[in-house]
Structures are given as structure tokens and as C-alpha cells.
Amino acid sequence: MSKVPRMTSNQEKLRIVIVGGVAGGATAAARARRMNSQAEITILEKGPAVSFANCGLPYHLGGEIEQRGKLLVATAELFWNRFRVGVRTQHEVTSIDREQQRVNGRTTDGTPFSLPYDRLILSTGSEPNHPPFFEPNSKNVFHLWTLDDMDHTLAAMQDRSVQRATVVGAGFVGLEVVEQLVHRGIAVTLIERNPQVLGPLDREMAKLIEDELKSKGVAMHLGGAIVSFTYDHHIATAVNLSDGTSIPTDLVIVGAGVRPRTQLAGEAGLTIGYTGGVQVNAYMQTNDPNIYAVGDMVEYHHGVFDKPMRIPLAGPANRAGRVAGAHAALGKSNNQQSPSMGSVIGTCIVRVFGLAAGSTGLNEKGCQAAKIDYRTATIQAPHHASYFPGAKNLTLKVIYRAGDGKLLGAQAVGAEGCDKRLDVIATVLHFGGTIEDLTKLDLAYAPPFGSAKDPLHMAAFVAENDLQHVPTLAEFDSDLDGMQIVDVRNATEIDKLPLAGAKWIPIDELAQRWTELDPARPTVTVCHSGKRAHIAACWLQGQGFANVKNLNGGMSIRSLIV
């Protein structure tokens, strides 16, 4: 239930103050106005602009978004003319007086200000992590978080002849920056302290993106710890790693994660959760019923973990702003005009040159951390009918609970169609669905758009077979020593990706040659992607083989890691 905020008298205008005018804050202001045409609404923004598209910054850096103005979603003038919302940029709030219900701060030129509120919505967001080797005064080392960051980076690229760039951090923003710098003809080195790119993906799925990066000439140092930068008059000339490697560079962009900006909230006595974000209820209220918080600074309820988590993504931030704006303006929740926030499951996606990669829900690391008994199924399929021109390969992995098949998460990598499949699975996750539910979905089909058996269906069918032991899947990285390995690929495939110790029986010869195998031995069938191996495993099960499994994802997935 929501907490009841203090109401104003009929003669008073409700005063709503919003701290932070990007994403959640801007959405909250617009929604509050639509819900209450009489309220006095003010946005206080520390920076020079409100409601800019920070997700678009890398694409302007690379020139794909040509006009800087396209990044300005809404201006102070628009907020006033359309919504009668007052916007005060370059106004930093430094303290909250909850007893007097006032925010205090200073402008960029040092002028103090104080503003009363009846409802306060905090949308202070997050800020980039500053590694110890980061020198704030550097002339060519930047974050890419604000419009100012982007402008300074572009200015440095114009002032200096940038031929080599180093990107620190292989998360979503880091990979977007890598792509755009390569498009500009710059030689790029990517450094990531973890052993893989894109932490939300499992290692074999991330390897598909790593191979794409290599194919575009990107040099990668995964598991590389930076110990220092070499500077010459505040200009970084090299990045130095713990293994002794020194990487010459003309430009460095650091994307080493973010942390929530909760100092203002914490100093005001608002409750900070165990993950470091502000605790809120379903209507984005803090422990003070007159103060709301939204966006990267808060903990959301994770719909699969079933516990609070920080999920710094633009989609949830905007939804949270809408919820907080309505509730702050109306002061109540028991009606359709002021809905609750609902759960968040972390659905995300990124484009990396010719591929897209994304995930939703839990990955394997998340399942292991939560001590969930889980299974996985991985398939490769064309994103639309294979016989229709332009079909491109899609790799889809679903994660589900052993026993009841409850869907836990999914990942997709491919040239086309990743977003569509992830969005559908995210919907099933939202409603607590199962693998069986996924098999029954009625999806749009015509040859230019999909297949009669969509890749979603195929992944669900494979998982359903695994749950029903017809047959069980062997994980792609399983230790096959001592197993009877039956390789049903053709000769050309085996020449490209040999598998030591396997008995080669092409799939079309298995019905005649299966008697060459020992039914008493633990057996695993193998092909390129798992489809033919499934046929083989079913055949052998039917002939009395008591312990036979199909290699999950086939050799195309196993060869990425093993």
C-alpha cells in the first residue's frame, strides 16, 4: 500500500519539486501535469539541459546521429509552453529539509536558493565510476555520460589527431563507443577487467560478440587490470596493464560502470537499501511519504529474483517517473489514474557492428547466486523462413527451472530478430510463465517475418524435450571423457570442427549402423547445432539406450569455449 502524503488545502496550489530533469524526472513532470492542471511544478536540474537522450550520445560521437539537437528530447521552453512546468537548469540541490519541506542549493555561479515543496521527486540518477587511475584534469580521458562529456570528447578529437583510442569497459555503452569510433576510422583497443564482454550474457553467448569485435579489427584485453595511465602534460599517452602491457593511445573513454547518486537522499535520512539504492514502495515513495525517488538511484523489485535490485536502465526509469508523477499529483493510489510500478527484469540489448546482443531475466551467474536449480537450452535458427531471401542466423538461449520449467531468463545474439524474441520472452517472464507457455504462444508468421515454428518455439521445444527426458541435454561444455560420443555431422563439418574420440555415423546412416554402438554405455549425440543430434538421440532411446543425451547447442556452441 502507498503511504498517504500530506495534502494541501483547497486554496493552496500543490507544489511539486523535481530534482533531476533527465529520463525519470522529465517524465514525472509531464505526467504530474496531466494528472493535475493546477499544481505548481518545478524541475531543478544541475546540468545545462533537461530531458536529453543520453542513450544516443555514442551515436552522435560517431556521426550516426548527425545533429546534436536531435539529442534534446525536450527543452525548458517546451516544458513551459506546453506544460507550464518551470525548469531551472544549473541549479544543484545540496540538502533537503524534510521538517520544513524545503530543498536548498546553489546555482552554477554560487548563488544560493531555497524552494518549498509539498511533494518532492528525486531523480538524481547515477554517475560513472571513477577508477583510481582516472585523472579528472586529463585533456583526452573522458567519460561519456552527459552532453558536456560528449562535447568535450568531440572537441578533443578535433583538436588532436586521434588515430588510436582506448575504451575501458565492455558493457553496453563501452561497446557502442567502440563501434562508433571504428566507424570513424580509429584503431580501437578495448580493455575489460572481467574475462568476457557484456556481463549480462553467459560466456558462450558473449564469445559471439567477441568474435564480431575481432572481425572488425578491435584489439581486446579481457581480464586486463589497468594499473596506471602514462601522462604527458595531462595528456594520456599510454594505458598500462598489470601484466606489463603498455598500450599507446591518443584518446581514452572510460565506461567502468556506474553508481547511484544517493548522497542527497541519504543525508536527508531516506532509507538506502542493501544494494545501495534508495528504498521505495510500489508507488516510488520513500520512507518519507512526501518524497519520491525514481531511476538509477533506486532499488526496483526484480520480477524473477523476487527481491530489490538496482537496475540502471532507461525503460524502468521512465516508467517509474510516470508512476511517481501521477501519485505525487493525486496523492492517492486506489484508482486507475495512479498505477503501481510493477516489477523490473532487466531486459536490455545492444548493437555491435553486424550483430545485436541482449538478455532478459536471469543469466546462469544469477541463477547460481540465487541457488536455483536451473537448466538451459540453446538453439540456432534463421530469424525468418530460411527459404525467404535475407534469412540471418539467430542464437537463442533460454534458462528455466529444473522440474517445473518456470522460465527464468533468455539471451539472444544475431544479425536480425533479437529484439523481437527478447521482448516476447520478457512478457512471458513478467507473467511468471513457463517453458510450456512459450511453446503455446500464437505468434505472427509470414515468410518475411518469421517461421511457422519460430526460433522462440524451437528453443521452447528443445527445453520441453529436456524436461521430459526425450532426451535430456548435456551442457555444451560437459566433460565427455568416458562417454560414447556419436557424431552425426557430415565430413565437411567434421573437418572444420573435429571432435576427438567421437564415433562418426552420419545421421542418414544411423538407422543402419546403430548396432555398432554399445547400448549400455552413457552416450552423447553431437551435430553442428543440436537438431540432427536430437533425432539421433531419440532413435537411440527407442532402441533401448538407457543413458543418452544431446549436446546442448552442438559443436557450434561448444567450439566457442572448449
Side-chain angles (χ1 to χ4, degrees), residues 128-129 131-134 165-179 181-182 188-229 239-247 249 252-259 310 312 346 348-353 355-372 374 376 378 395 397 399 408-414 475-480 497 552-553 555-562:
N129 288 323
F133 49 79
F134 188 87
T166 304
V167 176
V168 180
F172 291 99
V173 175
L175 294 189
E176 288 167 351
V177 171
V178 166
E179 179 195 60
L181 292 177
V182 170
V188 179
T189 297
L190 175 63
I191 302 173
E192 168 57 51
R193 66 179 179 178
N194 293 311
Q196 67 170 69
V197 304
L198 292 177
L201 267 61
D202 291 320
R203 57 187 179 133
E204 77 279 10
M205 301 294 281
K207 186 62 167 55
L208 295 167
I209 297 300
E210 292 164 15
D211 289 346
E212 177 73 359
L213 289 163
K214 289 179 183 177
S215 74
K216 303 302 181 182
V218 177
M220 286 185 291
H221 292 266
L222 303 179
I226 299 175
V227 294
S228 67
F229 288 171
V239 180
N240 306 307
L241 305 184
S242 57
D243 63 2
T245 303
S246 183
I247 303 166
T249 193
V252 181
I253 297 180
V254 179
V258 298
R259 58 177 180 267
R310 287 195 301 109
C348 51
I349 194 166
V350 65
R351 186 191 71 190
V352 184
F353 299 107
L355 294 179
S359 67
T360 186
L362 303 187
N363 57 17
E364 289 199 51
K365 294 185 288 290
C367 291
Q368 292 160 7
K371 297 182 179 179
I372 298 172
Y374 70 94
T376 77
T378 303
T395 301
K397 176 178 183 176
I399 303 175
L408 301 172
Q411 298 158 44
V413 177
E475 283 305 316
F476 75 93
D477 57 353
S478 296
D479 183 358
L480 301 182
L497 287 176
N552 191 9
M555 282 299 294
S556 61
I557 300 299
R558 182 179 178 86
S559 64
L560 295 171
I561 301 296
V562 180

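Side chains included, hydrogens not; waters and symmetry mates left out as well; all remaining heavy atoms used.
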Measure the spacing between [atom1] of [X] and [atom2] of [Y] and express it to the nearest 0.5 Å.
| X | Y | atom1 | atom2 | value |
| --- | --- | --- | --- | --- |
| M205 | I557 | CE | CD1 | 6.5 Å |
| S556 | L208 | OG | CG | 8.5 Å |
| L355 | T395 | CG | OG1 | 9.0 Å |
| L560 | E210 | CG | CD | 9.5 Å |
| E179 | E212 | CD | CD | 9.5 Å |
| T245 | I226 | OG1 | CD1 | 11.5 Å |

Taking atom types as modelled, is there a side-chain donor on N194 or E192 under 3.5 Å from an acceptor on the other?
yes
Smallest separation among heavy atoms of [X] and [Y], with atom names:
| X | Y | value |
| --- | --- | --- |
| C348 | F172 | SG-CZ, 3.4 Å |
| L181 | I253 | CD1-CD1, 4.4 Å |
| A206 | Q196 | CB-NE2, 3.6 Å |
| C367 | L408 | SG-CD1, 3.9 Å |
| Q411 | S359 | CG-CB, 3.8 Å |
| G358 | L201 | O-CD1, 4.0 Å |

Around atom CZ of R259, are there more than 12 heavy atoms from other residues, nucleotides or ligands closer than 6.0 Å?
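Buried by this count: over 12 neighbours within 6.0 Å.
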Within-4.5 Å side-chain heavy-atom neighbours: [X] and [Y]:
| X | Y | result |
| --- | --- | --- |
| I191 | I247 | yes |
| R203 | D477 | yes |
| N240 | S246 | yes |
| F476 | T378 | no |

Verify side chain to side chain contact (heavy atoms under 4.5 Å, CB included) between V188 and V177, making sure each step is shown before the conclusion.
CA-CA 10 Å; V188 179; V177 171; over 6 Å; no
Check for a donor-acceptor pair, side chain of R193 on one end and backbone N or O of A225 on the other, with a separation under 3.5 Å.
no
Could you go step by step and tell me if D202 and T376 meet the side chain to side chain contact (heavy atoms under 4.5 Å, CB included) rule?
CA-CA 11 Å; D202 291 320; T376 77; 5.8 Å; no
For a side chain to side chain contact (heavy atoms under 4.5 Å, CB included) check, start with the C-alpha distance between V197 and L190, then their side-chain angles and the critical distance, and finish with the verdict.
CA-CA 10 Å; V197 304; L190 175 63; 4.2 Å; yes
Begin from the C-alpha positions of F353 and V218 and carry the test side chain to side chain contact (heavy atoms under 4.5 Å, CB included) through to its verdict.
CA-CA 11 Å; F353 299 107; V218 177; 4.3 Å; yes
